[in-house]
Each structure stands twice: as C-alpha cells, then as structure tokens.
2 protein chains.
Amino acid sequence: MSNTIYDIARQAGVSIATVSRVFNESPNVSSKTRKKVQNVAKEMGYQPQGMAQGLARRKKNVIMAVVPLLSNYFFLQVLNGIQDAISETNFELHIYNVKSSEKPVDQLKRLLGRRWADGYLFVSIHLSDSEWKMISQFDQQMVLIDDAYSACNYFQVNNKQGARKATRYFLEHGFKRIALITAKEESIPAAKRRQGYIQTLTDWGLTPDESLIVSGDTQYRDGFNEENGYEAMQKLLEQTPNPEAVVCMSDIQAIGAISAMKEQNLSLPIIGYDDIQLAKYIGLSTMRQPMYKMGKEGTNVLLDQIGKDQPKVVQKEYIPDLILRSTSSQQN
Amino acid sequence: MSNTIYDIARQAGVSIATVSRVFNESPNVSSKTRKKVQNVAKEMGYQPQGMAQGLARRKKNVIMAVVPLLSNYFFLQVLNGIQDAISETNFELHIYNVKSSEKPVDQLKRLLGRRWADGYLFVSIHLSDSEWKMISQFDQQMVLIDDAYSACNYFQVNNKQGARKATRYFLEHGFKRIALITAKEESIPAAKRRQGYIQTLTDWGLTPDESLIVSGDTQYRDGFNEENGYEAMQKLLEQTPNPEAVVCMSDIQAIGAISAMKEQNLSLPIIGYDDIQLAKYIGLSTMRQPMYKMGKEGTNVLLDQIGKDQPKVVQKEYIPDLILRSTSSQQN
DNA sequence: TTGAAAGCGCTAACAT
DNA sequence: ATGTTAGCGCTTTCAA
C-alpha cells in the first residue's frame with residue numbers, strides 16, 4: 001500500500017512515463033493501456049505523491065489560508081466561503097495558523113519561503129505597510145481578507161463606518177451616554193472602530209467620555225471573546241450613572257455583556273458586531289459583515305490569478321449593515 | 001526572492017551540502033561558515049522548499065487534521081487542543097476538510113495516497129469498520145477523534161451515556177414527556193444518543209413516544225445547526241400536550257429551540273450537548289464533551305508515535321458531564 | 001502511442 | 001569541516 005509510480009509501471013508492464021500520462025489525463029495513451037494502468041493503480045491503491053508532483057511540476061494545486069487563530073466565529077464564516085469556492089476546483093485547501101508566540105511577519109516569511117502552495121489567502125492578518133511590502137517581495141500570488149495594502153489584492157470591510165453606523169443609530173434614538181466595549185488595544189480593527197465611534201460622537205457635538213470606552217481583561221483572541229464582554233460590562237455597570245446604550249466590537253462580546261447585565265437584572269440597549277449565525281436566534285442587533293462573501297470572492301480572485309504573471313489587482317471594500325433585532329431597543 | 005539552495009551556496013561560496021547542513025543544524029559546520037551562510041540566506045530570504053525536503057527526507061514534518069466541515073463549534077474546540085499540542089513542536093498543522101459531495105472514504109483514500117503528512121488526525125469522521133480497515137491499510141500513522149475502530153488509536157466520548165445522563169436528569173426530576181431534538185438520521189453520534197435516550201426511558205418503565213423525537217428540516221452540518229433546533233421545537237410545540245422537557249443533540253440546536261419557545265412565550269426545561277464556550281453565558285445546561293482535551297491528547301499520541309514502527313495503540317473513551325445551569329429548571 | 005532520460009530542490013551517505 | 005554524488009517520486013521533453 002506504499003507504492004510508487006515504478007511499482008505501477010512494472011506491474012502494468014509499461015514505462016513510468018505512461019503511468020504518469022494516464023494520471024495526468026494525457027490524450028496520448030491508447031485506451032487499452034489506460035485501462036490497464038488504471039486497474040493496476042486501483043488495485044494497488046496508488047495515488048501520485050503530492051510532494052513529488054509539486055516538485056516536478058513546480059505547481060502544487062494547493063491554496064493555503066493563513067489565519068491567526070482558528071477559534072473565532074468570524075473565520076468560520078470566511079472559511080465557509082473559501083471552501084465553497086475551492087470545492088468547485090481541483091485545488092486542495094490547507095489551512096495554516098500563525099501562533100501568537102512569534103511575530104506574524106516572521107512566521108509568514110518562513111511560510112512563504114517554503115512554497116507549500118500556489119496561492120495564499122491571508123485572513124485577518126494585520127501587518128504594517130512595510131511588513132506587507134516584505135511579504136509581497138516573495139512574489140507569490142496572494143489576497144488579503146480583512147486587511148488592506150495598496151499593492152495587493154484585498155477584500156476588506158470598513159471598520160470605521162461600522163462603528164459609526166452603530167453609534168449613530170443610538171444617537172438618533174436619543175441616547176447620549178453611549179458606551180463602547182472594545183477589544184485589545186493593539187488590535188487594528190478595534191482601533192479603527194474606536195475612531196469611528198469617537199468621530200461620530202464628536203460630529204454630533206458630544207465629548208467622548210474615556211470612561212465609557214472599556215475592555216475586559218481576558219485578552220485571548222485579541223479580546224474578542226465572551227469573557228471579555230462580560231468583564232467589560234461589569235466595569236460599565238460599576239459606574240454611576242450607567243451608560244444608556246452600548247456598542248460592542250463583536251457578537252461574542254455582546255453575549256458576554258448581556259450575561260453580565262442579566263445578573264443585575266438590567267438590559268441596556270446593545271449592538272454587536274459581525275452577525276454570526278446564532279445572533280439571529282438570540283435576537284442580537286448587530287453590524288453585519290459579509291464574511292462568507294469575502295471568503296468566496298477572495299478565493300475566486302486568487303484562483304483566477306494563479307498562473308497569470310501580471311494579473312491586475314482587485315481591491316474591494318464593504319460597508320457593514322446594521323441589522324436590527326431586539327437587543328437594540330430599550331425594552332428588550 | 002525565489003532562490004534555491006544552489007543560489008545560496010554560490011553566493012556564500014560553499015557547497016550546497018554545507019547550506020543544507022546549516023539549515024539542518026548539523027554540528028559539523030564551522031561557526032564562521034555557518035554565520036556566512038545564515039547571513040546570505042537571510043539577505044536573500046531563503047527557506048528550504050517544503051516539498052523538496054519532504055521528498056528527500058521521506059518525512060514532512062506536517063500533521064494533517066481531517067475534518068468534515070469546519071463550520072462547527074465542536075471542531076473549533078478540538079482544533080484548539082490540536083493547535084496547542086502542535087505548537088510545542090516543530091511540526092506544521094495542515095487542515096483538510098472532506099466535502100459532502102463525495103463519499104468520505106473515497107476522499108480519504110485519495111488523500112492518504114498523496115502522502116502530504118507524517119500523521120493524520122481524523123476528527124469526527126465516521127466510517128464503518130470495513131472502511132476504516134481499508135484506510136488502515138495505507139499504514140500511515142493516525143488517530144481518530146470522536147469515532148472508534150478497534151485497530152486504531154482513538155479518543156471518543158460515549159454518546160449513549162451522554163444522552164442517558166441528560167434524560168435521566170429529567171426523569172429524576174419528575175418529568176415524563178421528555179422530547180428529543182435529534183439531528184440527521186444517518187449521523188452516527190445522533191443514532192447512538194437516540195439509543196441512549198430510548199433505553200433510559202425504557203429502563204424507567206416508560207414507553208418512548210416516537211412523536212417526541214424530532215429533527216428540523218435544515219440538514220447542513222448533519223442537522224447540528226441553529227435553524228434545525230428552531231424548526232424541531234416548532235414541531236414539538238404543535239403537539240398537545242406540549243412536552244415537559246427537552247434534550248438536544250447540540251448546544252447550537254438548543255439555542256434555536258429556545259428561540260422558538262420564546263416566540264411563544266414558553267420556556268420548557270432544556271439541556272444542550274457539547275458545552276460550547278458561550279453556553280455558560282446564556283445559562284445553557286448541557287452535556288459537556290472534553291473537546292479540547294481530546295484534541296490535545298490525541299495529537300500528543302500521534303506525535304509520539306510518528307517514527308516508531310510498532311507503536312502500541314491507545315484508545316480512550318470519555319463520559320460526558322452534565323453541566324447544570326439555568327435552562328434545565330422549570331422556571332428558567 | 002510509447003520509452004529513455006534529464007531535471008525539480010533538497011538530504012544524506014560517502015569521500016576527502 | 002567541507003564537497004561530491006546518488007537518490008527521493010514524480011513530470012516532461014525528446015526520440016523512436
């Protein structure tokens with residue numbers, strides 16, 4: 001069960017070139033030999049070894065999705081889109097995740113050098129422009145999802161606008177003391193959403209109150225986790241007066257926050273972020289990000305560009321939609 | 001930025017063997033040449049190509065997790081454990097997912113033949129004994145997580161016992177008309193849990209009522225999805241009298257089910273299954289599966305066995321724990 | 001339609 | 001300590 005092209009060739013009484021030809025669907029094989037080879041191969045459970053093929057062809061037929069941490073609902077949706085796009089092709093999808101213990105850019109450099117794949121999807125990998133520049137120098141095909149760099153393909157959603165929309169909604173409904181449950185300070189999307197929130201308040205003639213911008217202390221997944229939301233809400237509820245409404249940076253934090261409110265028999269209006277699948281079922285109002293769509297479109301672009309030498313770069317920015325359900329109103 | 005070991009050798013004025021040596025941390029290199037090579041390599045952004053290494057070494061330093069569909073909270077936790085185990089080694093983790101469009105066993109045969117990895121983790125891949133036998137014939141190192149086969153390493157949790165515990169809890173608290181929200185008929189874990197449920201009722205002297213065993217019509221992820229739970233609960237609530245309590249096959253279905261109850265201002269006692277992270281925050285009572293643990297232990301076993309020729313097989317079965325929170329009591 | 005043979009980019013004896 | 005060379009299992013000319 002551990003045979004090579006030589007074993008098949010010998011067994012079928014042909015040369016290895018012929019075996020190779022039938023596996024590569026070359027037309028230049030008589031249907032008789034083809035049949036024979038196929039039978040032998042099937043019988044012996046033979047498949048060409050991927051690595052040998054990759055080396056010989058200088059093409060691997062794999063695309064690699066690089067993600068920071070798999071344990072995140074956001075990625076799940078993106079990956080769904082990626083998978084659906086890939087499954088229509090004969091490419092394989094391999095997923096690689098960067099560890100938090102080492103600088104992402106260093107990990108990427110090492111990874112790209114190894115040439116595992118024909119193309120790379122970087123999902124929610126946030127690098128500086130100079131870092132992305134380094135990465136582009138490997139000249140591998142790639143597309144960024146949920147980040148942007150001027151010289152690359154990217155699919156991104158406007159974080160500032162997302163936070164603005166949520167904040168504006170509450171302002172328009174008469175709320176003034178609007179809290180923001182944020183994530184890890186260093187998170188780039190978090191920083192942008194925070195800006196959007198602050199600008200919106202300012203535009204409205206209000207002075208942003210730093211004490212209403214909080215995050216929990218639990219920091220894994222950059223703070224985008226249930227416990228973080230729970231802790232953040234506890235901090236908010238210690239303040240008097242309480243905030244009148246709260247904007248979150250993820251649905252998952254909103255769930256934690258709601259749990260903290262329930263413990264105190266409160267239910268302030270709250271808006272999450274992402275629109276993960278279960279948001280609908282708990283009535284969570286939220287900023288919807290087109291996660292599936294980004295994954296699918298990004299993958300299609302990548303697939304399309306593989307093989308071409310000077311593909312034109314495609315860049316797209318989405319604006320998140322405000323999905324109103326029950327948690328955003330006063331009497332939820 | 002696309003150079004080979006020859007480029008580095010030439011540039012550093014050494015042979016390719018020496019370059020290979022420094023990258024393989026051979027002691028037989030003078031520290032002077034080592035430095036020189038390292039500098040040149042760094043400057044030229046060189047990394048050995050994974051595929052060429054894999055071919056030459058007959059060892060790839062990658063382990064592959066094979067999963068049926070990534071969009072499932074259960075896997076997320078298992079994958080977390082896998083990742084944590086892997087990150088302590090110099091192995092790479094690649095994730096592969098089998099499509100629903102083709103028989104799993106055929107996909108596995110193709111995959112294993114290609115020899116992408118040194119070892120395989122099959123997560124929630126349910127095959128018959130004869131199918132697993134075929135797969136074992138590839139004699140690759142592997143461990144099954146969430147399935148069992150007598151000749152393989154496996155880490156499994158007892159589905160029957162899980163359902164028994166949940167059902168028994170309700171029986172002991174005086175409930176009789178206990179409903180079961182199940183998943184796709186063909187799902188093996190679902191079938192086992194169903195058996196556990198039925199046996200428990202029978203043991204208690206009750207006659208199981210088929211009309212209380214329902215599933216929604218939305219079948220993706222084998223029915224383990226929110227919508228399915230929602231639909232199932234709607235069906236249950238059409239019956240008179242309503243059931244007195246309900247056991248679910250996943251937390252995610254329970255969330256859908258609760259949503260359906262809320263719409264009718266009902267809140268029957270309900271128990272989920274899995275104990276996904278957010279269960280705690282919505283107060284969901286559930287059967288806890290040691291997902292992280294299975295992932296981590298399974299990976300460690302695999303890692304440990306790679307390279308050995310006759311490793312002893314390790315098999316482990318867990319019993320899920322009943323985690324009581326608020327949804328399992330009458331006045332939730 | 002088929003086969004022989006030269007790579008693909010590495011590793012690992014075997015020499016020196 | 002370093003270099004030479006024969007593979008690893010394929011693909012792909014080039015000849016026949």
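Every chain is numbered from 1 and lettered A, B, ... according to where its sequence line falls, protein lines coming before strand lines.
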* Asked: Is the A:His94 ring parallel, tilted or perpendicular to the B:Tyr96 ring (thresholds 30°, 60°)?
  -> perpendicular
* Asked: Out of C:dT11, D:dT4, C:dG7, which has the shortest distance to the side chain of B:Ala17?
  -> D:dT4
* Nucleotide nearest A:Ile5 (side chain, heavy atoms from C-beta), chosen from D:dT11, D:dG3, D:dA1 -> D:dT11
* At under 4.0 Å, does any side-chain N or O of B:Thr33 touch on OP1 or OP2 of D:dA1? -> no
* **A:Ala52 side-chain proximity, nearest of D:dG9, C:dG9, D:dT11** => D:dG9
* Considering only side-chain heavy atoms of B:Val29, which listed nucleotide, D:dG7, D:dT5, D:dT2, is closest? -> D:dT2
* Structure fact -> note: B:Arg21, atom CZ; C:dA12, atom C1'; distance rounded to Å ~ 9 Å
* To do: Give a yes/no answer on whether the side chain of B:Asn24 brings an N or O atom under 4.0 Å of OP1 or OP2 in C:dT11.
  => yes
* Structure fact -> Whichever of B:Leu55 and B:Arg34 has the more 5' nearest nucleotide on DNA chain D, that residue is B:Arg34
* Asked: Any N or O donor-acceptor pair linking the side chain of B:Arg115 to the base of D:dG9 at under 3.5 Å?
  -> no
* For A:Asn61 and D:dT11, what is the distance between atoms CG and P respectively, to the nearest whole Å? -> 11 Å
* To do: Among the candidates D:dT11, C:dG9, C:dG3, find the nucleotide nearest to the side-chain atoms of A:Ser15.
  => C:dG3
* To do: May I ask you to evaluate whether A:Thr4 reaches the phosphate of D:dC8, defined as a side-chain N or O under 4.0 Å from OP1 or OP2?
  => no
* Asked: For C:dG7, does either OP1 or OP2 sit under 4.0 Å from a side-chain N or O belonging to B:Tyr6?
  -> no
* Asked: Does OP1 or OP2 of C:dA12 have a side-chain N or O of B:Ser20 closer than 4.0 Å?
  -> no
* Which atom of B:Val14 lies closest to which atom of B:Val37, heavy atoms considered -> CG2-CG2, 4.0 Å
* Structure fact -> Assign each of A:Arg58 and A:Gln49 the nucleotide of DNA chain D bearing its closest heavy atom; nearer the 5' end lies the nucleotide of A:Gln49
* Between D:dC10 atom P and A:Phe23 atom CZ, what is the distance in whole Å? -> 9 Å
* Measure the distance from CG on B:Asn28 to P on C:dA15 and round it to the nearest whole Å. => 17 Å
* State whether A:Glu102 and A:Arg110 are salt-bridged, where the test is any N-O pair (Lys NZ or Arg NE/NH1/NH2 against Asp/Glu carboxylate O) under 4.0 Å. => yes
* Asked: Step by step, would you call B:Tyr154 with B:Phe122 a ring pair (Phe, Tyr, Trp, His ring centres under 6.0 Å)?
  -> CA-CA 9 Å; B:Tyr154 66 75; B:Phe122 296 105; over 10 Å; no
* Residue-phosphate contact under 4.0 Å: A:Thr18 side-chain N/O, C:dG3 OP1/OP2 -> yes
* Structure fact -> Atom CD1 of B:Ile16 and atom P of D:dA1 are separated, to the nearest Å, by 20 Å
* Asked: Any chance the side chains of B:Tyr46 and B:Gln11 put a donor and an acceptor closer than 3.5 Å?
  -> no
* Structure fact -> Quick note, A:Arg57 side chain, CB onward, closest among C:dT11, D:dT11, D:dG9 is D:dT11
* **Rounded interatomic separation in angstrom, taking CE from B:Met51 and C1' from D:dG7** => 20 Å
* Whole-Å distance between D:dG3 P and B:Arg10 CZ? -> 14 Å
* Kindly compute the distance separating OH (B:Tyr120) from CD1 (B:Ile135), expressed to the nearest 0.5 Å. => 11.0 Å
